[in-house]
2 protein chains.
Amino acid sequence: MRGLTEKQKRILQLISEHIDTCGFPPTYQQMCDQLGFSSKNAIKKHIDALVAKGYLEKDSSPRGMRIVDPAYQPASLNESAVPLIGHVAAGFPILAEENVERYVPVPRHLITSEGRYFALRVRGDSMINAGIFENDLVIVKAANVAGHNDIVVALLGDEVTVKRLIVEPPLTYLKAENPAYQDIIPQESWTIQGKVVGLVRETMN
Amino acid sequence: MRGLTEKQKRILQLISEHIDTCGFPPTYQQMCDQLGFSSKNAIKKHIDALVAKGYLEKDSSPRGMRIVDPAYQPASLNESAVPLIGHVAAGFPILAEENVERYVPVPRHLITSEGRYFALRVRGDSMINAGIFENDLVIVKAANVAGHNDIVVALLGDEVTVKRLIVEPPLTYLKAENPAYQDIIPQESWTIQGKVVGLVRETMN
DNA sequence: ACAAAAAGTGTACGAGCGTACACGGGATTA
DNA sequence: TAATCCCGTGTACGCTCGTACACTTTTTGT
């Protein structure tokens, strides 16, 4: 993977931009028009050079190209998106479409193999000692069980809460990471919804 | 934008998966093969229905489709990737290609218009009271100046550090968010490299 | 029970796309 | 001066893709 000429860089950038804008790579003709060329062959030669140098992969059908170099990657392919659960409507399962506010990108290696994931906006400051602040988004792997000391998302009645799970047989309870809060030893039935595997903070003020 | 039939959902999902895998949408023929159909028209009708319902946009050239519904958005288009700066080689500008370790996806709305951004892995626990832990990735907007109370990335000699910027004329200094650390009132020359605008935590242990 | 919508097959066609080949010009190097 | 890249033009060709039309079957709704 050696150096690129200026024109070749321009081509890569053009492809990347087009994918960002339209969701798919451009045709040779479109790139011609955009660069003011009048022959598709100018493009083809650059593309061939890029393939030869390993920056691009091609399959010879229309728009059939894929950028290899991560520096020019449009936006994704090493990443994935998980649904951000907004207000949880009572009665609905937590992952129901009705609850999805938007989607949050996360590094793909957080999303190991299969398993459903979601994001949740944190309310309150009960976990500040674990570095989880109000309005942070926690990335959660859906699960019904979890281990000792895992940070989990639990459902108590209608309320969704993020706490540390403490397993000290015969006792299992939820612990806040903030001395101002007491442990929660639920009387009513409660369920684990998932395990926190990551965090995204979008506001720094 | 009304309800979809099961088959139509399947089609949307198929397109999304293909984009994830290959970087561009499939052709009608490819979708046929994958679903075991023997006529491209089956696909075309579903696609037309999806367009009519507003879930898809089409331009009548090969692979020319774009998913509108965010729930089926492949992985990107609402997100962007910023370079993760690994070890900073002395002498190199911080954003030099040599320093890039990999790319980190972040929500696009963090990346306002133009301006260069990067990510940095946090070393040490000097900012724990701001909820910034060791090994967290801070998302940084490159800048040479910053305001009072901003969390900034500063370069002191060869060392890159994350601290809160305190502007109390005539004094300007860096403050750690951890009582165990003292304020840094640099004698030598130092520069602001950028302002922290977000945070990503990939490890929760 | 009847009509309408959804789902799928088969054939044929025209246009757009990638490709191949021949050609010209400028810049750098031996 | 010749050789070699890099860059662009022009023409022609064949294949693939999206599209249109006719027809069948199953599911849904009133």
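Please read these numbers as outputs of a predicted model, since none were measured by experiment. Below, each value reflects all heavy atoms present in this structure, side chains not excepted, and no hydrogens, waters or symmetry copies. Reminder, nothing fancy here: chain letters follow the sequence lines and each chain counts from 1.
- Between atom CD1 of residue B/I151 and atom CG of residue B/L174 there is a gap of 12.0 Å, rounded to the nearest 0.5 Å.
- B/R201 contributes no side-chain N or O that, together with a main-chain N or O of A/R201, makes up a donor-acceptor pair within less than 3.5 Å.
- Salt-bridge formation is not detected for the pair A/D183/A/K175: no Lys NZ or Arg NE/NH1/NH2 atom is positioned less than 4.0 Å from an Asp or Glu carboxylate oxygen.
- With values rounded to the nearest 0.5 angstrom, A/Y28 atom OH is found 15.0 Å from A/D33 atom CG.
- Considering NZ of B/K40 and CD1 of B/I47, their distance stands at 13.0 Å, rounded to 0.5 Å.
- Protein atom CD1 of A/I11 is 15 Å distant from nucleotide atom P of D/dC6, rounded to whole Å.
- The nearest whole Å value for the distance from the NZ atom in B/K7 to the C1' atom in C/dA5 is 15 Å.
- Not one side-chain nitrogen or oxygen of A/H46 sits closer than 4.0 Å to the OP1 or OP2 atom of D/dC6.
- Taking only side-chain nitrogens and oxygens, B/S39 never comes nearer than 4.0 Å to OP1 or OP2 of C/dG8.
- Protein atom CZ of A/F37 is 18 Å distant from nucleotide atom P of C/dG25, rounded to whole Å.
- In this structure, the CD atom of A/E6 is 12 Å from the P atom of D/dG8, given to the nearest Å.
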What protein N or O atoms touch nucleotides 16-18 of chain C N or O atoms at under 3.5 angstrom, if any, and at what distances?
{"from": "C/dG18", "atom 1": "OP1", "to": "A/R63", "atom 2": "N", "distance (Å)": "3.3"}
{"from": "C/dG18", "atom 1": "OP2", "to": "A/Y28", "atom 2": "N", "distance (Å)": "3.0"}
{"from": "C/dG18", "atom 1": "N7", "to": "A/K40", "atom 2": "NZ", "distance (Å)": "3.1"}
{"from": "C/dG18", "atom 1": "O6", "to": "A/K40", "atom 2": "NZ", "distance (Å)": "3.3"}

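- Note that CZ of A/F24 and CZ of A/R63 are 4.5 Å apart. Values are rounded to the nearest 0.5 Å.
- Closest contact between the side chain of B/A42 and the listed nucleotides C/dA7, D/dG8, C/dG8 involves C/dG8.
- No side-chain donor-acceptor contact under 3.5 Å links A/H46 to the backbone of A/Q8.
- Between B/K9 atom NZ and C/dA6 atom C1' the separation is 15 Å, expressed in whole Å.
- Rounded to a whole Å, the CZ atom of B/R10 is 16 Å from the C1' atom of C/dA7.
- Straight-line distance from the CD1 atom of B/I43 to the P atom of C/dA6: 16 Å, rounded to whole Å.
- If you take CG of A/L50 and P of D/dC6, they are 12 Å apart, rounded to a whole angstrom.
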